[in-house]
Amino acid sequence: MAAPFHPDVPAFRGTLRRSALAVVLALLVSVLPGRPLAAQATPLPTIEKKTEGMKKIPGYFNLYWDDAAGHLYWELGEMGQEFLYVISMGSGLGSNPVGIDRGQVAGSEVIRPMRVGPRVLLFEPNYEYVANSPNPTEVKAVQDAFAPSIQWGFDVVAESGGRVLVDGTDFFLRDARDVVGQIKQSGQGTFKLDKTRSALYLPSTKSFPENTEVEAILTFTSDDPGRLVRGVAADPGAVTLREHHSFVKLPGPGFKTRLADPRLGVSGPDVYDYSKPIDQDMAIHLAARHRLQKKDPNAERSEPVEPIVYYLDPGTPEPIRSALLEGVGWWEQAFEAAGF
């Protein structure tokens, strides 16, 4: 005689649990055929949706300021399009021997953004070592022999039509100028960046058709500030400086390099060409020069296609201001003699 039906019998409860598990698995398979649960990624929002309510700063690169969170978002368009990245000082320490001065350019690099899956990397190619060779394999061999750099990596937080949005806050709130290293090298103490006393500096964060500017106000703290720091800072244990980031559109093709002439004071870059014969010097000394072209190449004198423009700091006092303007004006004679 068969055992009576009773749900409290342990064996029967185990059968119920197994049956329920089978039903759940069958439902999951029917909803997600052929795909595990872990493969279901949340789709990214559009840039327009992500930046709703934020202040848009349009220009060469569009920026979006989230005032509530204190975050600055950076929109990147065409991947692989190179631009010039320049780091400078928006304010200075006030001590010439330490060498952290207002307006000082601390470095510049050519940057190429590249997307890899969910991330965007700021790739800096190594253009110092090249192979000017018709053999692409030789060119690639030299590229692979000398390391490039990845300056930063971002997670993509939104995308629209090939454009991506990243949170640039941490990138801009870092010590890009290496103020900490400069002060330490000068023997003026060991400092560290205090992010709780740092923020984006919006008055100098702007974007234009051919360049985008971002500035950050950073505070560096130390328990042992040096004598020179103590002599200039309001609180030598908490030094606040502004570091500036510039993204500049590169000009189009057509620029011709010129070899440096040792008889002239031209301070240009050095490039090393590994395709040269073994008995020749690999170093190529280039002249630093403006891209100055005549609108009318056949005219004895012509307006330039793109004029050379320098800006005089409006904070320069008299009579230094007038003297600088007069001195720069003397160059007009030289350019007129050269046909401009």
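Treat the numbers as computed from the prediction; the structure is a model and nothing was measured. The first residue in the sequence is number 1, and the count goes up from there.
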For this session: Check the angle between the aromatic planes of F154 and W152 and answer parallel, tilted or perpendicular using the 30° and 60° thresholds.
Result: tilted
Exercise. If you draw a 6.0 Å radius around CD in Q293, do more than 12 non-hydrogen atoms from other residues or ligands fall strictly inside?
Worked result: yes
Exercise. Do L241 and M89 come within less than 4.5 Å of each other through their side chains, counting heavy atoms only?
Worked result: yes
Exercise. So, does E124 use its side chain to make a donor-acceptor pair with the main chain of P148 at under 3.5 Å?
Worked result: no
Seminar exercise, completed: Between D101 and S95 the two heavy atoms that sit nearest each other are OD1-O, 4.3 Å
Exercise. Linking I/L/V/M/F/W/Y whenever any side-chain heavy atoms sit under 4.5 Å apart, do V239 and I217 land together?
Worked result: no
Exercise. Does R242 pair with E215 as a salt bridge, N-O distance under 4.0 Å?
Worked result: yes
For this session: Answer yes or no: is there a side-chain heavy-atom contact under 4.5 Å between L76 and V120?
Result: yes
Exercise. Within the distance-only criterion (no hydrogens, no angle test), does the side chain of R115 pair as donor or acceptor with the backbone N or O of G117 below 3.5 angstrom?
Worked result: yes
Exercise. Got V139 and Q143 here, is their nearest side-chain heavy-atom distance under 4.5 Å?
Worked result: yes
For this session: Using modelled atom types only, decide if a donor and an acceptor are shared between the side chain of T219 and the backbone of A238 within a distance under 3.5 Å.
Result: no
Exercise. Just checking, is any N or O donor in the side chain of E318 or S322 under 3.5 Å from an acceptor N or O on the other one?
Worked result: yes
Exercise. Just wondering, more than 12 heavy atoms not from K294 lying within 6.0 Å of its NZ?
Worked result: yes
Seminar exercise, completed: Rounded to the nearest 0.5 Å, the OH atom of Y60 sits from the CD atom of E210 at a distance of 9.0 Å
Exercise. Under the side-chain contact (heavy atoms from CB on, under 4.5 Å) criterion, do D144 and K140 qualify, and how do the steps go?
Worked result: CA-CA 6 Å; D144 291 342; K140 183 68 164 57; 2.7 Å; yes
For this session: Compare every heavy atom of G99 with every heavy atom of Q182, then report the nearest pair and how far apart it is.
Result: NE2-O, 4.4 Å
Exercise. Charged N to carboxylate O below 4.0 Å: is that the case for K295 and E303?
Worked result: no
Exercise. When rounded to the nearest 0.5 angstrom, what distance separates CG in L218 from CG in L173?
Worked result: 6.5 Å
Problem set entry | Side-chain donor/acceptor of K56 to backbone N/O of L63, under 3.5 Å | no
Exercise. Quick check: are there more than 12 heavy atoms from other residues, nucleotides or ligands sitting under 6.0 Å from CZ of R102?
Worked result: no
Exercise. Below 6.0 angstrom between ring centroids: does that apply to Y73 and F171?
Worked result: no
Exercise. So how far is it from R321 CZ to L312 CG, rounded to the nearest 0.5 Å?
Worked result: 5.0 Å
Exercise. Are more than 12 heavy atoms from other residues, nucleotides or ligands located less than 6.0 Å from atom CZ of R119?
Worked result: yes
Exercise. Between the main-chain N or O of V179 and the side-chain N or O of D175, is there a donor-acceptor pair closer than 3.5 Å?
Worked result: yes
Problem set entry | 4.5 Å side-chain heavy-atom contact, D155 and D167 | no
Exercise. Does the ring centre of F83 sit less than 6.0 Å away from the ring centre of F61?
Worked result: yes
Exercise. In terms of hydrophobic clustering (I, L, V, M, F, W, Y; side-chain heavy atoms under 4.5 Å; direct or indirect links), are L165 and L121 co-clustered?
Worked result: no
For this session: Determine whether R177 and Q104 make a side-chain contact, defined as any pair of heavy atoms from C-beta on separated by less than 4.5 Å.
Result: yes
Exercise. Roughly how far, to the nearest 0.5 Å, is CZ of R112 from CG of L250?
Worked result: 11.0 Å
For this session: Ignoring hydrogens and angles, tell me if any N or O in the side chain of S302 forms a donor-acceptor pair with the backbone of D296 under 3.5 Å.
Result: yes
Exercise. Does a sphere of radius 6.0 Å around CZ in R289 hold more than 12 heavy atoms from other residues, nucleotides or ligands, not counting ones at 6.0 Å or beyond?
Worked result: yes
Problem set entry | Test item: S108 and L84 side chains (from C-beta on) under 4.5 Å apart, heavy atoms | yes
Exercise. Can the positive tip of R291 be found less than 6.0 Å from the middle of the six-membered ring of F255, inside 45° of the ring normal?
Worked result: no
For this session: Would you sort out whether D170 and R174 count as a side-chain contact (heavy atoms from CB on, under 4.5 Å), showing the intermediate values?
Result: CA-CA 6 Å; D170 287 342; R174 78 194 202 281; over 6 Å; no
Exercise. Can R230 and Q188 be counted as having a side-chain donor-acceptor contact under 3.5 angstrom?
Worked result: no
Exercise. Does F208 share a hydrophobic cluster with W74, counting links as ILVMFWY side-chain heavy atoms below 4.5 Å and allowing steps through other members?
Worked result: no
Problem set entry | Derivation and outcome, side-chain contact (heavy atoms from CB on, under 4.5 Å), residues H245 and F172 | CA-CA 8 Å; H245 307 256; F172 297 123; 3.8 Å; yes
Problem set entry | Heavy atoms of other groups near D261 CG, more than 12 under 6.0 Å | yes
Exercise. Linking I/L/V/M/F/W/Y whenever any side-chain heavy atoms sit under 4.5 Å apart, do M79 and V110 land together?
Worked result: no
For this session: Please report the closest heavy-atom contact between P97 and S186, naming both atoms and the distance.
Result: O-OG, 4.3 Å
Problem set entry | Heavy atoms of other groups near K192 NZ, more than 12 under 6.0 Å | no
Tell me which donor-acceptor pairs under 3.5 Å the side chains of residues 327-340 have, and how far apart each pair is, sequence neighbours excluded?
none

Exercise. Minimum heavy-atom separation for V229 to P236, with atom names?
Worked result: CG1-O, 3.9 Å
Seminar exercise, completed: When rounded to the nearest 0.5 Å, the distance separating OG of S91 from OH of Y201 is 8.5 Å
Exercise. Applying the side-chain hydrogen bond (donor to acceptor under 3.5 Å, both in side chains) test to Y64, which of K55, E52, E75, K50 qualifies?
Worked result: E75
Exercise. Quick check: are there more than 12 heavy atoms from other residues, nucleotides or ligands sitting under 6.0 Å from NZ of K249?
Worked result: no
For this session: Compute whether any side-chain donor of one residue and acceptor of the other, for N135 and S133, lie under 3.5 angstrom apart.
Result: no
Problem set entry | Gap separating the CG atom of L325 from the OH atom of Y310, nearest 0.5 angstrom | 14.5 Å
Problem set entry | Same cluster (ILVMFWY, side-chain, under 4.5 Å), F247 and W65 | yes
For this session: Check whether the ring centres of Y274 and F146 lie less than 6.0 Å apart, and answer yes or no.
Result: yes
Problem set entry | pair V156-P118: side-chain heavy atoms closer than 4.5 Å | no
Exercise. Of all heavy-atom pairs between T212 and S207, which one has the smallest distance, and what is that distance?
Worked result: OG1-OG, 2.7 Å
For this session: I would like to know whether T169 and L200 meet side-chain contact (heavy atoms from CB on, under 4.5 Å); could you show each step before the answer?
Result: CA-CA 8 Å; T169 310; L200 274 302; 4.1 Å; yes
For this session: Return the minimal non-hydrogen interatomic distance between L292 and E306, and the atom names on each side.
Result: CD1-O, 3.9 Å
Problem set entry | Under 3.5 Å donor-acceptor, T46 side chain and K49 backbone | yes
Problem set entry | S222 side chain vs D224 backbone, donor-acceptor pair below 3.5 Å | yes
For this session: Would you check if the side chain of S246 reaches a backbone N or O of E213 as a donor-acceptor pair within less than 3.5 Å?
Result: no
For this session: Indicate yes or no: at least one non-hydrogen side-chain atom of I284 is less than 4.5 angstrom from one of D270.
Result: no
For this session: Using modelled atom types only, decide if a donor and an acceptor are shared between the side chain of N62 and the backbone of G59 within a distance under 3.5 Å.
Result: yes
Exercise. Are the charged groups of D273 and K276 less than 4.0 angstrom apart, N to O?
Worked result: no
For this session: Indicate yes or no: does R163 engage E48 in a salt bridge with an N to O separation below 4.0 Å.
Result: yes
